[in-house]
Amino acid sequence: MIPAGTITGPISRLELLRWFQGGKKIGKDFVLVDLRRTDFEGGTIRGSLNLPAESLFPTVPTLYSILSQGRVANVVWYCGSSRGRGVRAANWFAEYLERQKDMEMKSLVLEGGIKGWVAAGKDYTQLLDEYDESKWVK
């Protein structure tokens, strides 16, 4: 059975952009997790891990172990719109953090997901790896 859990909170595109611009370190201050499996065409936010939501739940303990050993402060989850997979993954991870009594690491959902990130303009798209504008034009 998959737990419902609660997320620690959302993070806005602007706040995440400020983390990039302000010198926060990917892999230390924060880790980005792109939950898309086959719909990742068009790019992914710089430095993101690709961990498809369909296979994530059983790997949460291992992911937590790796991230906690690295003393990562924030885990930012996103999918296309961050209304489905992003929220579920953040909830699973937040619940695991609670069971571990870890009050240091945060589980955050990127508001608007990758679609919102791309739609926000050049300041955001320049931070995409393998960005292909043609994949975002409808």
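- No side-chain heavy atom of Val33 sits less than 4.5 Å from a side-chain heavy atom of Val76.
- Applying the 6.0 Å contact sphere to CD of Gln100 captures more than 12 heavy atoms from other residues, nucleotides or ligands.
- Side chains of Tyr96 and Asp102: a donor-acceptor N/O pair is absent below 3.5 angstrom, by distance only.
- With contacts defined as side-chain heavy-atom distances shorter than 4.5 Å, the pair Leu97/Tyr64 qualifies.
- Inspection of the Ser82 and Trp77 side chains reveals no N or O donor paired with an N or O acceptor under 3.5 Å.
- Heavy atoms from other residues, nucleotides or ligands lying under 6.0 Å from CD of Gln126 number more than 12.
- The backbone N or O of Val118 lies less than 3.5 Å from no partner atom in the side chain of Thr125, so there is not a single donor-acceptor pair.
- Between the Ser68 side chain and the Arg71 main chain, no donor and acceptor come within less than 3.5 Å of each other.
- Heavy-atom contacts from other residues, nucleotides or ligands closer than 6.0 Å to CZ of Arg46 number more than 12.
- Heavy-atom minimum distance, Lys28 versus Gly70: NZ-O, 3.2 Å.
- Side chains of Asp34 and Leu32 form no contact here, defined as non-hydrogen atoms less than 4.5 Å apart.
- Looking at heavy atoms from C-beta onward, Glu98 lies out of side-chain contact with Met103 at the 4.5 angstrom threshold.
- The side-chain heavy atoms of Asn74 and Met105, taken from C-beta on, include no pair separated by under 4.5 Å.
- Counting heavy atoms from C-beta outward, Leu67 and Val75 have side chains that approach closer than 4.5 Å.
- Between Gly84 and Cys79, the closest heavy-atom pair is N-SG, 4.4 Å.
- Placement of Phe57 and Val31 within a single hydrophobic cluster is found when ILVMFWY residues are connected by side-chain heavy-atom separations under 4.5 Å, directly or transitively.
- Between Leu35 and Ala89 the shortest heavy-atom distance is CD1-CB, 3.5 Å.
- The shortest non-hydrogen separation linking Ile26 to Gly47 is CG2-O, 4.0 Å.
- Across every non-hydrogen atom of Ser107 and Ala90, the tightest pair is OG-O, 2.9 Å.
- At least one side-chain heavy atom of Ile45 sits less than 4.5 Å from a side-chain heavy atom of Leu110.
- To the nearest 0.5 Å, atoms CZ (Arg85) and CG (Leu56) are separated by 12.0 Å.
- Here Ile114 contributes atom CD1 and Arg36 contributes atom CZ; the two are 5.0 Å apart, rounded to the nearest 0.5 Å.
- In this structure the side chain of Tyr124 reaches within 4.5 angstrom of the side chain of Leu14, judged on heavy atoms.
- The aromatic rings of Phe30 and Trp19 sit tilted relative to each other, their planes meeting at an angle between 30° and 60°.
- Between Arg13 and Glu111, the shortest heavy-atom contact is NH1-O, 3.6 Å.
- More than 12 non-hydrogen atoms from other residues, nucleotides or ligands lie less than 6.0 angstrom from NZ of Lys24.
- Checked by atom type, the side-chain pair Thr44/Tyr78 shows a donor-acceptor distance below 3.5 Å.
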